[in-house]
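Lettering of chains follows the sequences in order, A, B, ..., and the numbering in each one begins at 1. These numbers were taken from a predicted model, which means no experiment stands behind them. Side chains are part of it too, since the values below use all heavy atoms of this structure and drop only hydrogens, waters and symmetry mates.
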2 protein chains.
Amino acid sequence: MAAQSGTVERILDTAEVLFAEKGFAETSLRAITSKAGVNLAAVNYHFGSKEALIQAIFERFLAPFCAELGASMAQLAADGETVDLERLLRMMSRTALGAHGSSPERLALFFRLSGLAYTQAQGHLRRFIRERYGDVFNRFLMLLAKAVPDVPPLELFWRVHFGLGATVFAMSSMDSLRALCKSDFDTDLSAADVTQRLLPFIVGGIRA
Amino acid sequence: MAAQSGTVERILDTAEVLFAEKGFAETSLRAITSKAGVNLAAVNYHFGSKEALIQAIFERFLAPFCAELGASMAQLAADGETVDLERLLRMMSRTALGAHGSSPERLALFFRLSGLAYTQAQGHLRRFIRERYGDVFNRFLMLLAKAVPDVPPLELFWRVHFGLGATVFAMSSMDSLRALCKSDFDTDLSAADVTQRLLPFIVGGIRA
DNA sequence: ATATGTTTGAAACGTTTGTTTGTATGCGCC
DNA sequence: GGCGCATACAAACAAACGTTTCAAACATAT
């Protein structure tokens, strides 16, 4: 098995960028393999199908992230601290960022893929993610409910998803928004800057 | 011209539903035309191409909406009232809803299409919308800036887009979220209910 | 060195895609 | 009636798609 010159990783690296740029259906296996410098058949050989390749990309993102998130939450529970909303969201943000080399660009790429997965059909992906990582997210939601006891659970449910939407959307169209921001305000914001501005918005929205 | 039994409208009606359900690339012209009960060639005959069909769908949504929004803003300017943030957003919401038979479901469908247009490639669509309706939206943004003078313009820019993201996302995945809400809380919310909950979130987020 | 199992390579598979073509049909007008 | 025009239709088009095939190349272990 050892011999492989990184074909699998090259496919994953290339595919996640192309998918994020053009969408899943719009990106052909031929575009991926030719840019990655591997044979066309390699995708079906190593992953089985295009669908499975997409799932593999999400798994590579989610596995380390959920592991770290679970650890962070366990530590938080052990400390027995009072859970503050802002601190909780900041922990989530830090964990998400830290799970992949602290690159805001890569985090934005992942959110863009998530946005694609949600808006595009990709029913298989939603099922895949829910089955695989639903528990960790539910645990985080419970922690969140404790942080804002004055917001009724039903209301919180929707506000969390509103906040998630704001995040996904902002990250998805990060590049065009930053370009727009530069042309309208002559201000060049980094991806990290945007993330920092996003947090107060969500906190304000959830607290209402 | 009279003879036509609504071929163009039947194509538009069918296409917007199918596109919203499965995405643009995932929906074939054959699926559209066969479900609409028209000939395959009718799309290329009446619209010129699949791309042009997509643009026509957005135009049918945006044209009456922007017209009404422009009128509402003109009236607001004529009244010379103090512009309140919540009232401004409510006006936008009411206008959007009223522009198409007051059907929250149809509004949700439009937002879902918008979400697709943003996340999916569809660069041509973004350019098309901006060129055609950019002015109206910019005027609305200026009104918004007057409503929250204590939020600096740059900050407002981002918060507006965060709010837009929350809206697009919530509307896009309205159906799945409502199903989730029902299974988790035994509560059956209507699309109008969700919209009502969305507004305070955005107001809270923009005010921070 | 030979055998074994894994990975690559080029080519072809059968489908499906958007689009085009040529013809038929229905209508108003001279 | 006959002409002209807009629409509808079935059929075909070339291109692109995901996937499969099978032989060649490779590494490893005996």
- Item | salt bridge (charged side-chain N to carboxylate O under 4.0 Å, His left out): pairs with one or both residues in residues 165-182 of chain A, sequence neighbours excluded | A/Lys182-A/Asp188
- Specify the separation, in whole Å, of atom OH of B/Tyr45 and atom P of D/dC5. 12 Å
- Query: Which whole-number value in Å describes the distance from A/Glu9 CD to C/dT7 C1'?
  - Reply: 14 Å
- Query: Does A/Phe185 have its ring centroid less than 6.0 Å away from the ring centroid of B/Phe157?
  - Reply: yes
- Task: Please state how far atom CZ in A/Arg10 lies from atom P in C/dT7, giving the value in whole angstrom units.
- Result: 14 Å
- May I ask you to decide if the ring planes of A/Phe58 and A/Phe24 are parallel, tilted or perpendicular, using 30° and 60° as cut-offs? tilted
Provide a list of protein-nucleic acid N or O atom pairs under 3.5 angstrom, restricted to nucleotides 22-24 of chain C.
none

- Does B/Ser93 use its side chain to pair, donor to acceptor, with the backbone of B/Leu89 at less than 3.5 Å? no
- Message: With a 6.0 Å cut-off (strictly less than), is the heavy-atom count around CG of A/Asp135, excluding the residue itself, greater than 12?
- Response: no
- Query: Rounded to whole angstroms, how far apart are CZ on A/Phe47 and C1' on C/dT8?
  - Reply: 15 Å
- Item | Row check, B/Phe61 ring normal vs B/Arg106 NZ/CZ: under 6.0 Å, within 45° | yes
Enumerate all atom pairs, one protein N or O and one N or O from nucleotides 10-15 of chain C, separated by less than 3.5 Å.
none

- Message: Quick check on D/dA8: is either OP1 or OP2 less than 4.0 Å from any side-chain nitrogen or oxygen of B/Thr7?
- Response: yes
- Query: Which word best sums up how the rings of A/Phe128 and A/Tyr133 line up, parallel for under 30°, tilted for 30 to 60°, or perpendicular for over 60°?
  - Reply: perpendicular
- Roughly, in whole Å, what's the span from CG in B/Asn44 to P in D/dA8? 14 Å
- Message: Just to be sure I understand the rule, does B/Thr27 reach a base, reach only the sugar-phosphate, or reach nothing, if contact means heavy atoms closer than 4.0 Å?
- Response: sugar-phosphate
- Report the distance from atom CD1 of B/Ile206 to atom CZ of A/Phe201, rounding to the nearest 0.5 Å. 6.0 Å
- Rounded to the Å, how far apart are A/Glu26 CD and D/dA15 P? 22 Å
- Can you check whether A/His46 has a side-chain N or O nearer than 4.0 Å to OP1 or OP2 of C/dT6? no
- Distance test, side-chain N/O of B/Ser28 to OP1/OP2 of C/dT17, below 4.0 Å: yes
- Using atom types as modelled and distance alone, determine if a side-chain donor or acceptor of B/Ser173 lies under 3.5 Å from a backbone N or O of B/Ser176. no
